[in-house]
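Here's the structure, in structure tokens; my notes come after.
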Amino acid sequence: MKIASWNVNSLKVRLPQLTQWLADARPEVLALQETKLEDAKFPVDELAAAGYRVVYSGQKTYNGVAILARDELTDVVTDIPDLDDPQRRILAATIGHLRVVDLYVVNGKAVGDEKYAYKLDWLAKVREFLARELERHPNLVVLGDFNICPDDRDVYDPVAWGEDILCSPPERAALKAITGLGLHDSFRLFQSDAGHFSWWDYRQAAFRRNMGLRIDLILIGEALKSAATAAAIDREPRRWERPSDHTPVTLELDI
DNA sequence: ATGGTTGTCCCACAA
């Protein structure tokens with residue numbers, strides 16, 4: 001089965017690209033970020049017509065997460081116990097034997113900004129939530145827009161980027177604390193080269209010049225590691241008309 | 001350092 005994550009940067013604008021990609025890639029599960037839609041405006045019928053059930057936690061203008069699946073989604077969580085947060089950034093659901101947690105990690109704006117402090121606090125509390133999820137659900141998948149480059153291979157120009165936002169040591173340490181729970185960056189189980197990216201800035205023809213970052217990740221629990229058979233980044237939708245600045249990332253699981 | 005682009009919403013703000 002194929003599992004995927006895609007930051008669509010407005011589902012209202014990107015619905016045609018989404019339905020096209022679903023028809024092409026046919027994932028069993030797809031986690032979306034930055035839907036930017038109130039729940040009342042979520043395109044339930046359009047996605048049902050495409051063959052998908054949906055759960056979502058949205059808000060107007062900013063943030064918003066959703067999970068699409070061919071099978072039933074149960075045990076849905078939209079908030080974590082120790083984080084009283086109006087921003088809609090986390091969504092968990094059980095699909096068959098899998099527990100899926102969709103994350104839209106805080107961007108943080110700049111190192112030292114108040115949004116950066118919020119990011120690090122958010123990540124610490126999410127880590128605690130994931131530790132508890134992993135106890136209850138060994139078959140855990142944590143995927144989404146992490147807004148952190150795991151290491152320098154995931155940055156087009158690591159020297160120029162330095163320790164700026166998305167690459168600062170505290171952010172990378174926060175990600176390491178999460179993977180340290182026993183969650184593997186599935187892409188790196190199959191590909192160790194630098195230069196594979198999931199996001200390119202809209203400006204400066206960054207996609208054409210492959211000036212990107214790999215910030216969209218699919219983490220899997222130890223119990224799922226032997227079931228993983230392939231991981232990829234599908235750059236095709238980034239070439240389409242009116243693309244998101246992110247492109248889908250995928251993982252094949254033999255379960 | 002600044003600016004470049006896109007999305008949302010009405011004018012900056014977020015990314």
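Chain identifiers are assigned alphabetically (A, B, ...) following the order of the sequence lines, protein sequences preceding nucleic acid strands; residue numbering begins at 1 within each chain. Because only heavy atoms are used, hydrogens play no part in the values below, and waters and symmetry mates are left out as well, while side chains stay in.
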Please lay out, stage by stage, how A/Glu135 and A/Arg132 fare under the test salt bridge (Lys or Arg N to Asp or Glu O under 4.0 Å).
CA-CA 5 Å; A/Glu135 286 170 15; A/Arg132 293 194 296 275; over 6 Å; no
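An OP1 or OP2 oxygen of B/dA15 is reached within less than 4.0 angstrom by no side-chain nitrogen or oxygen of A/Arg203. Applying the 4.0 Å criterion to OP1 and OP2 of B/dT8, one finds that A/Lys12 has every side-chain N and O outside that range. Distances shorter than 4.0 Å separate some side-chain N or O of A/Arg242 from OP1 or OP2 on B/dG7. Regarding contacts with the backbone of B/dA14, every side-chain N or O of A/Thr61 stays at 4.0 angstrom or more from both OP1 and OP2.
If you measure from atom CG of A/Asn9 to atom C1' of B/dT5, you get 11 Å, rounded to the nearest angstrom. Atom CE in A/Met211 sits roughly 15 Å away from atom P in B/dG4 (whole-Å rounding). Per the geometry, CG belonging to A/Asp216 stands 13 Å off C1' belonging to B/dA15, to the nearest Å. Here B/dA12 presents its C1' atom at 11 Å from NZ of A/Lys109, a figure rounded to the nearest Å. Look at CD on A/Glu114: it is 13 Å from P on B/dC13, rounded to the nearest Å. Distance, A/Lys36 NZ to B/dT6 C1': 8 Å, rounded to whole Å. If you measure from atom CZ of A/Arg89 to atom P of B/dA14, you get 11 Å, rounded to the nearest angstrom. Following rounding to the nearest Å, A/Lys60 (NZ) and B/dA14 (C1') show an atom-to-atom distance of 16 Å.
The pair A/Asp79-A/Arg88 meets the salt-bridge criterion, with a side-chain N (NZ, NE, NH1 or NH2) lying under 4.0 Å from an Asp/Glu carboxylate O. A salt bridge does not link A/Arg209 to A/Asp201: none of the charged side-chain nitrogens sits closer than 4.0 Å to a carboxylate oxygen.
B/dA14 and B/dC10 are spaced 15 Å apart, taking the P atom of each and rounding to whole Å. B/dA1 sits 22 Å from B/dA15 when the P atoms are compared, rounded to a whole Å.
Distance from the side chain of A/Gln204 is smallest for B/dG3 among the nucleotides B/dG7, B/dG3, B/dT5. Comparing atom distances between the A/Lys115 side chain and each of B/dG7, B/dA14, B/dT5 picks out B/dA14 as nearest.
Between A/Gly108 and A/Pro243, the one whose closest nucleotide on DNA chain B sits nearer the 5' end is A/Pro243.
Of the candidates A/Phe197, A/Phe187, A/Trp199, A/Ile233 forms a side-chain contact (heavy atoms from CB on, under 4.5 Å) with just one, namely A/Phe187. A side-chain contact (heavy atoms from CB on, under 4.5 Å) with A/Lys36 is found for one member of A/Val13, A/Leu11, A/Val8, A/Asn9 and no other, namely A/Asn9.
Counted within 6.0 Å of NZ on A/Lys109, heavy atoms from surrounding residues, nucleotides or ligands total 12 or fewer; the atom is thus considered open.
Counting any heavy atom pair closer than 4.0 Å across all strands shown, A/Phe207 reaches no nucleic acid atom.
For residues 13-52 of chain A, the ring pair (Phe, Tyr, Trp, His ring centres under 6.0 Å) pairs, not counting sequence neighbours, are A/Trp6-A/Trp21, A/Phe42-A/Tyr56.
No donor-acceptor pair closer than 3.5 Å links the side chain of A/Thr250 to the backbone N or O of A/Ala231.
Residues from residues 156-164 of chain A lying near DNA chain B, meaning a heavy-atom separation below 4.0 Å, are absent.
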